Trainee: 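Handing you a structure now.
Predicted model, so just to flag it, every value in this text is computed and none were measured. By convention in this document, chain letters (A, B, ...) are assigned in the order of the sequence lines, proteins followed by strands, and residues within each chain are numbered from 1.
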There are 4 protein chains.
Amino acid sequence: MSADKEAQISNERRDQILQSALRRFAKDGYHATKISDIVAEVGVAQGTFYWYFKSKEAIALEIVKEGREQLLEVIAQGYRRKAGTVQDMVHASEALLDRLFQFAESNRYLMELFFGGGGTIEPIRKAIGETRAAMENAFLQNIRRAIELGMLPATIDAEFRAALIMSLIEGVISRWLFGFALPDSGIASKTAQELAAETARFEFFGLLGV
Amino acid sequence: MSADKEAQISNERRDQILQSALRRFAKDGYHATKISDIVAEVGVAQGTFYWYFKSKEAIALEIVKEGREQLLEVIAQGYRRKAGTVQDMVHASEALLDRLFQFAESNRYLMELFFGGGGTIEPIRKAIGETRAAMENAFLQNIRRAIELGMLPATIDAEFRAALIMSLIEGVISRWLFGFALPDSGIASKTAQELAAETARFEFFGLLGV
Amino acid sequence: MSADKEAQISNERRDQILQSALRRFAKDGYHATKISDIVAEVGVAQGTFYWYFKSKEAIALEIVKEGREQLLEVIAQGYRRKAGTVQDMVHASEALLDRLFQFAESNRYLMELFFGGGGTIEPIRKAIGETRAAMENAFLQNIRRAIELGMLPATIDAEFRAALIMSLIEGVISRWLFGFALPDSGIASKTAQELAAETARFEFFGLLGV
Amino acid sequence: MSADKEAQISNERRDQILQSALRRFAKDGYHATKISDIVAEVGVAQGTFYWYFKSKEAIALEIVKEGREQLLEVIAQGYRRKAGTVQDMVHASEALLDRLFQFAESNRYLMELFFGGGGTIEPIRKAIGETRAAMENAFLQNIRRAIELGMLPATIDAEFRAALIMSLIEGVISRWLFGFALPDSGIASKTAQELAAETARFEFFGLLGV
DNA sequence: AATGAATGAGAGTTCATTCAT
DNA sequence: GATGAATGAACTCTCATTCAT
């Protein structure tokens, strides 16, 4: 009981520091975030930080690592199994995007860290890059599967299309959640579902499609 | 004569410093780039840097400012004036993208600074953000003009579509020029024109179009 | 019973900490030895250390104090009482050195702390210095007694000779037990008795004597 | 001219820092010596230290390195070339010790660093150990040469005798120059020459010799 | 007796910036 | 124009020590 309670408190501390660090890394960037800021926000002493994390770099890596897992889990659910109509495809894609945007909405600092460029040091840049690559790869597998099932023409360059889709997602999330948008664009006030619907439509039909 | 010569030398010096700074800002990020690195690369003394630039922030801002002008000039040439067929539109778009990718290819460090996230300080982030917004706005005007001319349905959300197009461009350039791509994607070996063609096709017809 | 048992356990704990601290002080030096290292080695919590010892300095002082007593006891047994031949003197000296080197062999960490320099803080340096002085003084008394007994010429500088003898001992122990020796010197494989014999011979006859 | 002057000033600064660091390392030990102490003593800013030296460890290593060269130079001059009488040997040895003690007298902080134990970090301990080994090796060569020339019996353990001589030297210097002596020993007031004579006598004739 | 999370003073180091020459 | 030594504020990280439980 008591041990459980303590462990919980302990983890709470750790989580507080983690959350504070995530928010500041996302908003101010890695370098502008000082350990002193983080501990001040949490209300502990400077040394306490180092009880829970080995270094500034280590906490950033931890954040990225945990974030990556969550992110990939969201995407993993969208893997295509059997053939269907174009409508099916668009709906499936829309559903995936919807989940993704919902996750982004409730993890905006994480998203900012991943898609905001962030300005970090090499090891972290690398970890973020790998995560984005893993996401893109998930989309690539989906496209390949769709080609196998005859739902998409075999002539398209699957890798390139995956890159384009990933680009759309990164762009939409950036503009939706963290002020990368044009002044009166109204994107900030859209719902995850609206974004998912419009993005999926563009994904399949381009500018000319309905 | 002599004065001219000197002025020229001076400007050469200034340019060398500017180029070196640009390359390092792009490759290593703003914070990881030390003044001492820049001057060592150029082969001048530390103090010399401050003869040409007020501060580290100032040179970064200068780089962004000059880059913005060049970038907007490239896009400005693509403004749509009169109606045409869908084919015309696709070709016009492809031409614009081709010009843009060509520019990107010969200014990759600048591109990396603009689209790589870079990890900088507020004022520079802001300047970069404004440039990207200006680019996106140029695309927005093009779409609106196309709607006015009846070439695109009036029902589409122009701002959002502009954002998607800008996202495509950012994503393509990032993957093409600075290692953001999947391992075997082959995107790095494409030409500007190939990228322009494929991107324009996706822009108009989406995944399903030819 | 239970109280005794507990007291015993307690003392065992205390001793474990003491031993661990001694070893690390000797091997790594005072500053490089962290309390966290010591407790980790013993397998107790950080706070436990402070139940048994007031501070890091206190435990070091304790170690030095206990070591000094043992060391002086070993030497005290060698005090010269009555006259004899030169042979007697050499044998007596050899016997003393033998005892000393045997003690050193089974207390090498202690020796390292005392003769290895160790790199400590003032109070501990002082305590170690006093111990070495006490040892040297014991040798001095022996020399004086030998002069009184007419076994050594009255013209020699007793203090200086005592210093030289002490130097020999310190040097021999350092090279024998803790790697201060030349690569192939073979000193490490000698026995305490061999060392005692050779050192005593040098002590009395110098380089030229048999 | 001006450049020379500047270079000189520059080297003066460097030397000041070096001297200050040497003195403090010797007196207080490596760990107790703070960069802030050194620069305060020299009267420069904290950052200035790092203009001249890469780190605290680097300056200590530099000190040891420079000291080693000087020390070995002093000893190198004592290499035995041709046979002679025992008197010659004693005189030669005395002359070498005289030079060594004179050097020690005018470089007492350096000596303290080398022979005082000092309490430093591994790399510096290692460098000091190597220097002491090099010294001892020089004495070993001298003894071997003397054996070859028939001046010393071939039966003696040359390595061990070299170790004993080195021990004498270390002990004498320690007691003479930095308070390792007994209270009223009077060693501190001896001259280098007196020490050399007495030490050489002991070295050759032991306690019993004249 | 024992725990281990929390503390905080203080250390070494970095680096943009200045300024006398 | 150019130099480069000098500055010092600011940062990350260490670790002996404390204390509520």
Trainee: Among dT3(F), dT12(F), dA16(F), which is the nearest nucleotide to the side chain of Lys56(A)?
Mentor: dT12(F)

Trainee: Given atom CZ of Arg14(A) and atom P of dA6(E), what is their separation to the nearest angstrom?
Mentor: 13 Å

Trainee: Nearest heavy atom decides the nucleotide; on that basis, is Gly43(A) or Phe49(D) closer to the 5' end of DNA chain E?
Mentor: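 Its nearest nucleotide being more 5', the pick is Gly43(A).
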
Trainee: In whole angstrom, give the distance that lies between atom CD of Glu12(D) and atom C1' of dA6(F).
Mentor: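 These atoms are roughly 16 Å apart.
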
Trainee: Could you state the atom-to-atom distance from CD1 of Ile121(D) to P of dA11(E) in whole Å?
Mentor: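 Result: 16 Å.
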
Trainee: Look at the side chain of Tyr50(A) and decide which nucleotide, out of dT14(F), dA1(E), dT18(F), has an atom nearest to it.
Mentor: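 Of all the options, the side chain of Tyr50(A) is nearest to dT14(F).
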
Trainee: Do Arg108(A) and Glu112(A) come close enough that some side-chain heavy atom pair is under 4.5 Å?
Mentor: no

Trainee: Counting only N and O atoms by type, is there a donor-acceptor contact under 3.5 Å from the side chain of Tyr30(D) to the main-chain atoms of Glu57(D)?
Mentor: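 Yes.
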
Trainee: Arg13(B) has a side chain; which of dT17(F), dA2(F), dT3(E) sits nearest to it?
Mentor: dA2(F)

Trainee: Whole Å only: how far is the NZ atom of Lys54(D) from the P atom of dC15(E)?
Mentor: 12 Å

Trainee: Can you measure from CG (Leu22(D)) to CD (Glu62(D)) and round to the nearest 0.5 angstrom?
Mentor: 12.0 Å

Trainee: CZ/Arg24(D) to CG/Asp37(D) distance, rounded to the nearest 0.5 angstrom?
Mentor: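 With rounding to 0.5 Å, CZ (Arg24(D)) is 4.5 Å from CG (Asp37(D)).
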
Trainee: Using a 3.5 Å limit on both distances, find every run of at least three consecutive Watson-Crick or G-U pairs that involves DNA chain E.
Mentor: E:2-21 with F:2-21

Trainee: For DNA chain F, whose closest nucleotide is more 5', that of Ile35(A) or that of Thr33(C)?
Mentor: Ile35(A)

Trainee: Working to the nearest 0.5 Å, report the span between CD of Gln19(B) and CG of Leu110(B).
Mentor: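 Gln19(B) CD to Leu110(B) CG: 9.5 Å, rounded to 0.5 Å.
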
Trainee: Between Thr131(A) and Arg68(A) (side chain of the first, backbone of the second, donor and acceptor by atom type, cut-off under 3.5 Å), is there such a pair?
Mentor: no

Trainee: From the list dC13(F), dT17(F), dA1(E), which nucleotide is the closest neighbour of the side chain of Ser55(A)?
Mentor: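 So the side chain of Ser55(A) is nearest to dC13(F).
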
Trainee: dA16(F) C1' sits how many Å from Tyr30(C) OH, rounded?
Mentor: 9 Å

Trainee: Mind telling me whether Phe49(A) and Phe53(A) have parallel, tilted or perpendicular rings, with 30° and 60° as the class edges?
Mentor: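 Judged by the thresholds at 30° and 60°, the geometry between Phe53(A) and Phe49(A) is tilted.
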
Trainee: Among dT3(E), dA2(E), dT12(F), which nucleotide has an atom closest to any side-chain atom of Tyr52(C)?
Mentor: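 Out of dT3(E), dA2(E), dT12(F), the nucleotide with an atom closest to Tyr52(C)'s side chain is dA2(E).
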
Trainee: What distance do Tyr52(C) atom OH and Ile17(C) atom CD1 have between them, rounded to the nearest 0.5 Å?
Mentor: 6.5 Å

Trainee: Measure the CZ-OG1 distance between Arg23(C) and Thr33(C) for me, rounded to the nearest 0.5 Å.
Mentor: 11.0 Å

Trainee: Mind checking the CG-CG spacing from Asn107(C) to Leu113(C)? Nearest 0.5 Å is all I need.
Mentor: 11.5 Å

Trainee: Taking only nitrogen or oxygen atoms into account, show me every contact under 3.5 Å that the protein makes with nucleotides 8-10 of chain F, one pair per line with its distance.
Mentor:
| from | atom 1 | to | atom 2 | distance (Å) |
| --- | --- | --- | --- | --- |
| dG8(F) | N7 | Gly47(D) | N | 3.3 |

Trainee: What is the separation between atom NE2 on His31(C) and atom C1' on dA11(E), rounded to the nearest whole Å?
Mentor: 12 Å

Trainee: Atom CD of Glu57(B) to atom P of dC15(E): distance rounded to whole Å?
Mentor: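 So the two atoms are 18 Å apart, to the nearest Å.
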
Trainee: Starting at atom CZ of Arg24(B), determine the distance to atom C1' of dC15(E), rounded to an integer number of angstrom.
Mentor: 15 Å

